[in-house]
Every structure is written in structure tokens, then in C-alpha cells.
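Reviewing the structure listed below.
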Amino acid sequence: WVGVLGPRVLELRQTESDCFFRCLGEVASAESAPAAETVDHVRAELVDYFQLSKPLAPMYEHWASADRRMNRIAAALPGMRVLRQEPHECLFSFICSSNNNIGRIGGILQSLRARYGPRISLYEGIDTADAATFGGDEITDLQAVDDEAFFAFPSVETLAEASEEELRGLGLGYRADFIRQTALALRQKGDGWLCSLREEDVDTVREELCALRGVGPKVADCVALFSLDQVETVPVDTHVWDIACREFDPSLRECLSLTPNVYARVGALFRSRFGTYSGWAHQLLFAAELPQFRSRLPADMVEEMAEWRGGGGGGAHK
DNA sequence: CAGGTC
DNA sequence: CCTGG
């Protein structure tokens with residue numbers, strides 16, 4: 001895998017027993033430390049990003065014993081971790097995700113980076129073709145506009161200065177104003193404000209995030225789980241609602257829309273079943289719904305899921 | 001209708 | 001309600 005983490009382009013390659021990494025480039029402004037120090041620093045950042053100090057095996061065992069279906073999914077999808085993203089990037093990204101599809105979200109975020117983010121220049125002698133072949137992945141997976149363009153995520157300051165019109169031009173649609181407004185609010189609240197929410201309790205985090213433009217319960221929960229250490233939080237989107245209907249409580253199917261009441265019921269179901277790390281358990285169940293992981297699941301399970309989707313009349317069961 | 005919010 | 005499939 002090749003992509004941007006903070007101010008650097010990183011390459012990761014996983015083998016049976018190890019995970020290798022190297023840095024391919026960095027933003028020009030970053031004062032480059034001695035190479036040996038950078039390696040240690042990047043290693044520490046990866047440990048933080050993938051939350052490697054949290055042992056996953058005990059969680060998997062707990063979830064597997066709590067749920068028959070989860071037992072099989074856990075076996076099929078090992079190592080599914082929740083990322084610990086940079087909170088500002090996470091927040092803006094999930095504001096872009098609302099009422100939107102994954103493909104377009106990725107495009108919008110790449111446009112945001114390319115237009116407002118600092119460019120990352122690759123080190124001498126490194127090109128993305130190297131990077132792509134090294135990992136054996138397609139070059140289409142790269143977060144590059146062209147063959148050599150990488151950008152870090154833009155700062156709050158830069159986004160606050162952006163015009164709504166220009167943001168719309170990048171394909172953000174009505175979310176353009178959400179981005180600008182939230183950037184302005186964050187600038188006013190000061191640099192460390194968002195990260196400081198990591199020290200707060202779930203309810204405070206939710207309340208503070210929901211006060212921002214473009215942030216409702218679902219987006220708030222995503223930011224809480226994926227960047228603010230709220231391991232118990234379960235973001236409920238249309239897919240997670242489906243999972244809850246299908247696996248935990250068919251009566252949820254009667255509800256016409258994802259109202260706050262339904263939202264709360266679904267989260268409560270996950271927490272009663274999976275406990276403290278329900279957000280992480282949710283991540284595994286959610287991943288199992290995605291087309292990219294479907295092929296790894298047992299055939300009868302895939303069939304059961306397809307039947308549910310089709311049986312509802314192409315999603316018309318709502 | 002898509003990984004919702006105003 | 002932006003926008004693309």
C-alpha cells in the first residue's frame with residue numbers, strides 16, 4: 001500500500017510474519033531529521049495510527065463467543081483494526097461522506113488535498129511506479145492525481161479561507177458550506193480544541209461535534225470512533241441498520257427511516273452484545289458487508305446477505 | 001438511491 | 001439538498 005500519512009508518503013508491505021515500511025517523500029516544510037530518527041518516528045506513528053498497542057486477539061475471541069455469525073466473520077477477516085486518524089482530517093472527511101457514496105467521497109477528498117493541501121515531493125530517485133510495483137498493487141490505489149502528485153491534508157486555516165463557490169467547484173455540492181463553516185468554527189476554538197476531546201466522555205464528544213455545521217449523529221460518531229478514542233461508539237448508517245435488522249432484531253425493519261430513536265436502539269444492540277469495544281466490533285461487521293471483502297466470507301453467508309438485500313426488494317424494505 | 005444533515 | 005450511477 002502507498003499513501004499519505006500526515007506529512008509523508010509511506011509505503012507499507014505486509015508479509016506472512018512482518019510489516020515493512022519506508023518513507024517515499026515528505027512535505028517540503030518538514031525539517032528533515034536524520035534518517036535513523038525518522039524511521040523510529042514513523043514507526044511510532046504507524047503504531048499509533050493502526051493502534052497496534054491494543055491487542056486484537058482478545059477482542060476477536062470475545063466477539064466470536066458473543067455471536068455465532070461473528071465467529072465465522074472473525075475467522076474470515078483477521079486483523080480488522082479501527083484506525084486512529086488525525087481528528088481534523090477525519091472530521092472534514094466524514095462531513096464529505098454524508099448522503100454520498102464511497103467512490104465520490106474519495107474523489108472529493110483527493111480534490112480537496114490537491115487544491116488546498118501542501119504538495120509532497122518524493123525523494124530523489126523514487127517514483128510512484130517503483131512504489132506501485134514494490135507492493136504489487138495497482139497504481140490506481142495511489143492517492144495521486146497524476147503519476148507523481150501527493151498532497152497532505154489541508155490545514156483548518158486554509159479551509160477557513162476557502163470560498164464556498166470554489167469548494168462547490170471541487171464537487172462538494174451543498175457540503176461546501178459545511179466545510180467552510182466548520183473550518184471557521186475550529187479556527188475560532190483554537191488549535192488543540194478538537195484533539196482535546198480525546199480526554200472527554202462520550203456524551204460531551206457527541207454534543208460538541210454535533211454543534212458543528214454538517215455534523216449530525218452519524219458523522220459525529222464516526223469522528224468519535226475513528227479519531228477520538230471512543231471505542232464503544234457505533235456509527236449507524238444505512239448498512240449498519242441493515243445488519244442490526246438482519247442479525248439482531250427483525251422488528252427494526254418496521255421502522256421507516258433512521259430516526260434518532262432507531263439510531264439509539266441499534267447502538268444499544270451492538271453494545272449489549274459486544275461490550276466496551278463495540279465500535280471495533282461494528283467495524284468488522286461493517287467490513288463484511290463491503291463488496292471488496294465478500295469473497296473472503298463463507299459462500300452460504302454471502303448468499304444469505306444477498307438474499308436479504310434482494311428479498312427486501314432492492315433495498316425497498318424501508 | 002448513495003456510508004445524512006439542515 | 002449537490003451530484004453521479
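Lettering follows sequence order; numbering is per chain, from 1.
Nucleotide dG4(B) holds its P atom 13 Å from the CD1 atom of I108(A), rounded to whole Å. The nearest whole Å value for the distance from the CD1 atom in I102(A) to the C1' atom in dG4(B) is 15 Å. Distance, I179(A) CD1 to dC1(C) P: 20 Å, rounded to whole Å. Across the protein-nucleic acid pair, L209(A) atom CG and dG4(B) atom C1' stand 15 Å apart, rounded to whole Å.
At the heavy-atom level, R175(A) lies under 4.0 Å from base atoms of the strands shown. Residue G216(A) is classed as a sugar-phosphate contact, given heavy-atom separations below 4.0 Å to backbone atoms only. Across all strands shown, V240(A) has no heavy atoms under 4.0 Å from either base or sugar-phosphate atoms. P235(A) comes within 4.0 angstrom of nothing in the nucleic acid, heavy atoms only.
Nucleotide dC1(B) forms a pair with dG4(C), judged by Watson-Crick or G-U wobble geometry with both contacts under 3.5 Å.
Using the six-membered ring where Trp is involved, H282(A) and F226(A) have ring planes that are tilted, between 30° and 60° apart. Note: W63(A) and Y60(A) have tilted aromatic rings, judged against thresholds of 30 and 60 degrees for the angle between ring planes.
For a distance-only test at 3.5 Å, the side chain of Y174(A) qualifies as a donor-acceptor partner of the base of dG4(B). One can find a donor-acceptor pair under 3.5 Å joining the base of dC2(C) and the side-chain atoms of R104(A).
Both R213(A) and L290(A) lie near DNA chain B, and the one whose nearest nucleotide falls closer to the 5' end is L290(A).
Looking only at distances, a side-chain donor or acceptor of R198(A) sits under 3.5 Å from a matching main-chain atom of S227(A).
Residue E161(A) places its CD atom among more than 12 non-hydrogen atoms of other residues, nucleotides or ligands, all under 6.0 Å distant.
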